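Report on the structure given below.
Atom set for the values below is all heavy atoms of this structure, side chains included, hydrogens, waters and symmetry mates excluded. Positions are given from 1, in the same order as the sequence printed here. Not measured: the values here are computed from a predicted model. Read the numbers this way: they start at 1 and go in the same order the structure lists the ligands and their atoms.
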Amino acid sequence: MHALIIGGGIAGPVLAVALSRVGIDSTVFERGSRDDDRRGAWITFQANGMDALRAIGMAESVEALGYPVDRIGFVNGSGRSLGGMPMAARRLDGQASVVMPRAELYRALSDRAAQQGVRVEYDREFVGAERTATGVRARFADGTTAEGDILIGADGIHSRVRQTIDPAAAPPRYVPVLNIGGFIPGLAVDAPDQEFVMQFGSRCFFAWMRTPDGGTIWFANPPMRREPARGALSAMSDAEWRGWLRDLMRGDAGPSAEILEAAPAPLTGWATYDMPVVRNWHDGAGRMVLIGDAAHATSPAAGQGAAMSIEDAVVLAQCLRDCPDTGTAFSRFVELRRARVERIVEHGRRSSARKAAGPIGRLVRDTMMPMIFRRAARDGGESMMWLQGHHIDFDAPVFDPSAATK
Ligand SMILES: Cc1cc2nc3c(=O)[nH]c(=O)nc-3n(C[C@H](O)[C@H](O)[C@H](O)COP(=O)(O)OP(=O)(O)OC[C@H]3O[C@@H](n4cnc5c(N)ncnc54)[C@H](O)[C@@H]3O)c2cc1C
């Protein structure tokens, strides 16, 4: 069997490796070039994502990246603690979550896939596909085509494959907070070891973490109720971003002023989106299926987008290995994944909403959060085990033929 994988971001290369483990050959087609800069300077890669990589022998390619995060501590605008929670719940393997440059995660995964013989064709923009008598034909912007038995859309939140499968699919939903942040070498802010401090400031959410080598990772989520016009954010100058963030953080306790002073130029921010419910993850004919952000993007507030995409890739390979045909494999994949990822998208939406709360919402949040965290501290992070404690045993069968025939 030959699989055409559209998108060489996070899910694409991982899927190619996972498929090779179950004897399926594939080619990845990526719109960008090999050295494209990736948006979203730093990401939190949660423990369940590393677990899923480990399931197919890819974890060591990313284990050396970034800095482990043990805990998140929350404070309000005046610096009062609202509580905190462990980052990786109580995983038996002790796997921590790690914060790392997004570009390095992409590079590590695609390098590892290349080492394992995966073919990635860059500068190939998918524009559409048709079913053929025996499989599927993909068309590319340069006029070329490629044929395979199945086609997997790992082409991210603005997926063209999603539109091909279901032209009436709902568009991504705008999340009313922006994203901006980065790394400042040589600025060691005052913060506990391995703790990401997150501040619900009076006008803006702001977060920072001191790294063991004396630097600071930071990000902010300035609220923006209406979706910005295309190009509006990239047209903002460094001085405009810096000035706006300074105004938003003025009067709040903490190191935001110091961070904004030291952050390397140019500052630039991004609008964020999620994909709450994509009705059709596959074409119903066993030819095309979606994984990762194309099927269910979560707002960055959940810190789970990368991990979810990797879990998808691994589980889809298991389904193709164990199910009698590709149609059954795609249906089983949806059965195994939909409830979990939609719960995470909702978790991300609620986290983002808390970041953009108005005065009454802030009052409720500042009253409720300490109670929620006290409960979480009592259960030692057990309540988050469903998220970060998830474990994939790659060799375990995921399909029971006797149950299917009953
Ligand atoms: C600002 C920001 C911060 C984030 N922070 C976090 C975080 O802290 N933790 C976390 O886990 N996640 C975070 N995420 C989300 C995370 O990056 C995504 O969930 C993850 O990258 C999804 O992987 P994917 O492979 O499905 O899609 P992507 O990584 O988006 O990859 C899709 C690939 O498909 C390619 N492509 C698109 N269209 C076509 C086409 N027509 N033809 C060919 N190729 C195409 C793209 O060029 C891209 O390389 C963040 C995202 C952003 C934007």
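- Atoms of ligand 1 lying under 4.0 Å from at least one heavy atom of E125, given by number and element, are 41 (N), 42 (N).
- Side-chain N or O atoms of R203 include one that pairs as donor or acceptor with a backbone N or O of R250 at under 3.5 Å.
- Of all atoms in ligand 1, numbered sequentially from 1 with element shown, those under 4.0 Å from a heavy atom of I10 are 20 (C), 21 (O), 23 (O), 25 (O), 29 (O).
- For atom 40 (C) of ligand 1, the choice among F45, Y122, F126 with the nearest heavy atom turns out to be F126.
- Put simply, part of R124 is less than 4.0 Å from ligand 1, judged by heavy atoms.
- Heavy-atom contacts of I6 reach the following atoms of ligand 1: 42 (N), 43 (C) (cutoff under 4.0 Å).
- Using a 4.0 Å cut-off between a side-chain N of Lys or Arg and a carboxylate O of Asp or Glu, R131 and D283 qualify as a salt bridge.
- Remark: ligand 1 atoms within the under-4.0 Å shell around heavy atoms of A154 are 32 (C), 33 (C), 34 (O).
- Contact atoms of ligand 1 toward F29: 43 (C), 44 (N) (distance under 4.0 Å to a heavy atom of the residue).
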Begin from the C-alpha positions of W218 and F206 and carry the test ring-ring contact (aromatic ring centres under 6.0 Å, His included) through to its verdict.
-> CA-CA 8 Å; W218 71 280; F206 203 95; 5.6 Å; yes
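- Counting heavy atoms under 4.0 Å from ligand 1, residue A11 touches it through both backbone and side chain.
- Not a single donor-acceptor pair under 3.5 Å links the side chain of Q194 to the backbone N or O of P212.
- Residue W270 has no nitrogen or oxygen atom sitting less than 3.5 Å from a nitrogen or oxygen atom of ligand 1, judged on distance alone.
- Between D155 and R160, no side-chain nitrogen of the basic residue sits less than 4.0 Å from a carboxylate oxygen of the acidic one, so the salt-bridge criterion is not met.
- Between E311 and R340, at least one side-chain nitrogen of the basic residue sits less than 4.0 Å from a carboxylate oxygen of the acidic one, meeting the salt-bridge criterion.
- Considering backbone and side-chain atoms alike, D293 places an N or O below 3.5 Å from some N or O of ligand 1.
- The distance criterion of under 3.5 Å between nitrogen or oxygen atoms is not met by I157 with respect to ligand 1.
- Contact atoms of ligand 1 toward Y106: 21 (O), 28 (P), 29 (O), 30 (O) (distance under 4.0 Å to a heavy atom of the residue).
- When all heavy atoms of R332 and V398 are compared, the closest pair comes out as NE-O, 2.6 Å.
- Those atoms of ligand 1 with a heavy atom of S309 less than 4.0 angstrom away are 22 (C), 23 (O), 24 (P), 26 (O).
- Side-chain rings of F183 and W42 approach one another, their centers coming within less than 6.0 Å.
- Nearest heavy atom pair, residue W241 against residue L233, reads NE1-O, 3.7 Å.
- For the pair I43 and ligand 1, the shortest N or O to N or O distance does not fall below 3.5 Å.
- For the pair T44 and ligand 1, the shortest N or O to N or O distance falls below 3.5 Å.
- By the 4.0 Å N-to-carboxylate-O rule, R343 lies too far from E346 to be salt-bridged with it.
- If you number the atoms of ligand 1 from 1 as listed, the ones under 4.0 Å from a heavy atom of G292 come out as 26 (O).
- With a heavy-atom cut-off of 4.0 Å, T298 does not touch ligand 1 at all.
- Atom 35 (C) of ligand 1 has its nearest heavy-atom neighbour, among H158, Q304, Q163, E30, in E30.
- Remark: D166 engages R279 in a salt bridge, criterion side-chain N to carboxylate O under 4.0 Å.
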